[in-house]
Amino acid sequence: MSAGIVLVVVMFACSLIGTEPISLKAALLKTDAPSTVNPDHEILIRVRLPRIILAAIVGAALASSGVAFQALLHNPLADPYILGISSGAGLGAIIAVLSGFSWTIWGRSPIAIFAFAGAVGTTWLVWFIGRSTKKFQMTGLLLAGVVVNAFFSALIMFLTSIAKSEDVHATIFWLMGNMMEEDFFVLWIGAGCIFAAIVALFYISPQLNVLSFGEDDARNIGININRTRTVAFAVAALATAIAVSLSGLIGFVGLIVPHGVRLVFGPDHRQLFPLTAIVGAIFLVTADTVARIIVAPAQLPVGIVTAIVGGPFFLILLVRHSKKAIW
Amino acid sequence: MNKWWWLLSMFLCWIGAGFAISNARNSKTQCYTPLPNQPNRIVSLAPNLTEILFALGLDTKTVGVTTDSDYPPVATKKIKVGTFWQPNIEAVIAAKPDLVITLEINQQINLAERLRRIGYTCLELKIEKVNDLFKAIATIGDATDRQNEANNLASDIQKKLYSLQQLFNASDRIKVLWVVQREPLRVAGRDTFVNEMIELAGGENAIGPTIHKYPPIGAEQVIACQADVIIEPAMSQNLPTQHQGALKYWSKFESVPAVLNKRIYVIEADTVSRLGPRLYEGVETITKCLRPELFPN
């Protein structure tokens with residue numbers, strides 16, 4: 001509860017920080033006459049606020065799917081991108097850029113739609129290959145993910161090397177995480193999907209708790225392991241795919257936020273899902289605010305900030321709290 | 001009711017509400033605002049667009065430029081609205097523009113769409129070839145009510161180019177290798193405006209048609225292309241050092257006529273790397289490299 005209040009306070013504070021100083025009073029006193037321009041209002045309401053809401057949605061999605069993947073794969077190195085979602089989405093995005101399409105569906109550009117399709121397609125492919133290895137399912141899944149990732153990365157490199165330089169530029173920004181303000185409708189739908197995904201993950205968190213003690217224990221208690229895994233996997237993958245299609249590839253959030261929260265608050269998934277979602281949102285909103293202002297008047301891709309700020313911060317947490325950590 | 005059904009129905013309600021609200025909003029918002037008759041606050045998002053605006057005498061009406069707009073020098077005093085690749089939408093809005101001029105490249109098309117959604121007027125221009133430049137000058141002239149100035153500017157450039165071409169025999173083509181970057185080696189291909197500038201200067205690209213606009217090439221192609229002249233554009237502050245480096249680098253290709261006859265030039269990148277109203281100055285610089293005998297000074 002208090003974490004939610006912190007999120008709202010952070011979002012409000014960040015909306016007042018930016019390259020252009022704005023006055024809150026001027027922004028809220030909107031005159032309806034179309035001739036009088038009110039840049040304060042437009043910057044705050046039409047540019048900054050949508051972007052901050054987007055950052056919160058994406059941060060929550062990546063962080064909570066990170067928790068799910070770490071629980072599923074029994075691997076502390078797992079993050080939302082480990083099973084090839086990132087390279088699949090990246091490949092989709094670069095194909096969209098190269099093809100030069102210019103239509104939109106529900107306000108989404110071809111890049112977003114191709115990235116989403118690429119992410120979902122890759123996840124399905126990895127899941128399919130991983131399933132067919134049967135006995136060592138999770139190891140098979142991981143290996144399939146790593147190899148598919150490497151293969152698609154090679155395709156991305158190939159396409160960038162034959163592409164026009166301005167197209168390459170556009171793709172590189174996307175690959176490093178490119179936040180921008182989105183239409184109200186996109187934010188509404190995105191928020192709905194991500195919130196539903198977090199609630200779904202919360203529903204199965206007791207089963208994930210048992211699963212983290214080992215498959216045999218879980219089976220003895222009478223938990224349907226395959227169903228739990230399939231649900232967690234599908235929900236986390238979809239949430240990641242949506243996040244990626246909204247803002248490009250933002251690394252690190254899905255790795256360090258779950259670990260940070262786990263180190264500080266303990267490994268209970270019932271508590272972990274809501275908390276990581278909120279902390280992930282706070283983290284990405286803050287990182288994006290830094291990205292907006294640090295090289296003003298230009299902007300940094302937010303993925304750079306998450307890595308630079310997140311890496312050292314996580315190491316400090318690791319040293320301080322590692323005594324009570326259980327992965 | 002099962003908690004999963006409850007979640008699903010809430011989710012569907014939320015999505016449905018989203019469609020309903022956005023339909024209601026869409027029917028309210030009107031179409032894009034048309035171009036103003038006489039824009040008074042113009043923001044330019046590319047250095048060559050800034051040069052066109054200043055050449056048309058719109059210097060006082062230009063309120064925002066990108067950080068790389070450094071010509072004419074007074075342009076650097078204008079408000080900065082981000083870089084060419086990463087324009088900052090907040091800074092553009094804060095400049096209170098009534099016309100935003102952008103290039104037709106991915107990032108800028110995207111910015112123009114976002115600005116239109118809020119209600120700003122944007123003009124997108126494609127300037128990739130010499131012909132595009134003249135069209136762009138005319139379009140900006142129309143949009144800013146400077147048709148005469150635009151006509152004069154375009155015809156002035158064309159006249160100067162024409163008189164330059166009278167100085168030499170155009171059928172005698174000199175093969176030029178245009179080096180964009182040395183390590184790894186990258187040169188200008190045929191499908192570029194640099195290629196057009198080389199041809200206007202009475203030269204010919206030593207590299208044949210390629211897939212890339214600026215193809216990376218190997219030592220083999222360098223030797224095979226038998227360039228008569230090698231040109232490297234560089235920033236003005238490091239011209240001497242780059243010239244030293246160029247002589248050293250190219251000395252290993254002794255069989256290339258340009259190296260043999262010591263015809264390796266490092267020129268200022270300013271006028272030859274952006275397609276703007278200083279097109280003639282750029283072509284003249286190239287002509288000086290190709291036919292130094294025409295310019296005794």
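In what follows, chains carry the letters A, B, and so on, assigned in the order in which the sequence lines appear, proteins first and then strands, with residues in each chain numbered from 1.
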Novice: Looking only at heavy atoms and a cut-off of under 4.5 Å, which of B:Ile21, B:Ile105, B:Leu8, B:Leu7 has the most pairs with chain A?
Specialist: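 Option with the greatest count: B:Leu7.
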Novice: Quick check: do A:Val295 and A:Gln299 have side-chain heavy atoms less than 4.5 Å from each other?
Specialist: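 Sidechains of A:Gln299 and A:Val295: no contact.
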Novice: Begin with the C-alpha distance, continue with both residues' side-chain angles, and end with the deciding distance and a verdict on ring pair (Phe, Tyr, Trp, His ring centres under 6.0 Å) for A:Phe185 and B:Phe19.
Specialist: CA-CA 8 Å; A:Phe185 176 65; B:Phe19 275 98; 5.0 Å; yes
Novice: Is a salt bridge present between B:Glu124 and B:Arg116, judged by a nitrogen-to-oxygen distance below 4.0 Å?
Specialist: yes
Novice: For chain A, which residues of residues 74-90 of chain B have at least one non-hydrogen atom nearer than 4.5 Å to it?
Specialist: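 Expected list: B:Lys80, B:Val81, B:Gly82, B:Thr83, B:Trp85, B:Gln86, B:Asn88, B:Ile89, B:Glu90.
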Novice: Just so I understand: if I count every heavy-atom pair under 4.5 Å between each of B:His212, B:Lys213, B:Met10 and chain A, which residue has the most?
Specialist: B:His212
Novice: B:Ala95 versus chain A, heavy atoms under 4.5 Å apart: side chain, backbone, both or neither?
Specialist: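 Neither part.
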Novice: Hydrogens and angles aside, do A:Thr286 and A:Thr289 bring a side-chain donor and acceptor to less than 3.5 Å of each other?
Specialist: no
Novice: Evaluate the side chain to side chain contact (heavy atoms under 4.5 Å, CB included) criterion for residues B:Trp4 and A:Val231: first the C-alpha distance (whole Å), next the side-chain angles of each, then the deciding distance (0.1 Å), finally the verdict.
Specialist: CA-CA 12 Å; B:Trp4 290 98; A:Val231 171; 4.1 Å; yes
Novice: Measure distances from A:Phe195 to the heavy atoms of chain B and classify the residue's part below 4.5 Å as side chain, backbone, both or neither.
Specialist: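 Nothing of A:Phe195, per the 4.5 Å heavy-atom cut-off to chain B.
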Novice: Side chain, backbone, both or neither: which part of B:Glu128 has an atom under 4.5 Å from a heavy atom of chain A?
Specialist: side chain
Novice: May I ask you to name which of B:Asn110, B:Thr66, B:Ile211 has the most heavy-atom pairs under 4.5 Å with chain A?
Specialist: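 Option with the top pair count is B:Asn110.
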Novice: Identify, with sequence neighbours excluded, every residue that meets salt bridge (charged side-chain N to carboxylate O under 4.0 Å, His left out) alongside B:Glu268.
Specialist: none
Novice: Charged N to carboxylate O below 4.0 Å: is that the case for A:Glu181 and A:Arg46?
Specialist: no
Novice: Within the 3.5 Å criterion, strictly below it, is a donor on B:Gln181 or B:Tyr214 matched to an acceptor on the partner's side chain?
Specialist: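 Note: B:Gln181 and B:Tyr214 side chains miss the donor-acceptor criterion.
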Novice: Which one, A:Pro301, A:Ser161, A:Gly18, leads in non-hydrogen pairs under 4.5 Å with chain B?
Specialist: A:Ser161
Novice: Would you mind checking which part of A:Leu300 comes under 4.5 Å of any heavy atom in chain B, side chain (CB onward), backbone (N, CA, C, O), both or neither?
Specialist: backbone
Novice: Below 4.5 Å from any heavy atom of chain A, which atoms of B:Ile109 appear? Answer side chain, backbone, both or neither.
Specialist: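 For B:Ile109, there is no contact with chain A at all, as no heavy atom is under 4.5 Å.
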Novice: In plain terms, say whether A:Arg48 and A:Asp288 are close enough for a salt bridge, that is, a side-chain N and a carboxylate O under 4.0 Å apart.
Specialist: no
Novice: Return the minimal non-hydrogen interatomic distance between B:Leu279 and B:Met197, and the atom names on each side.
Specialist: CD1-CG, 3.9 Å
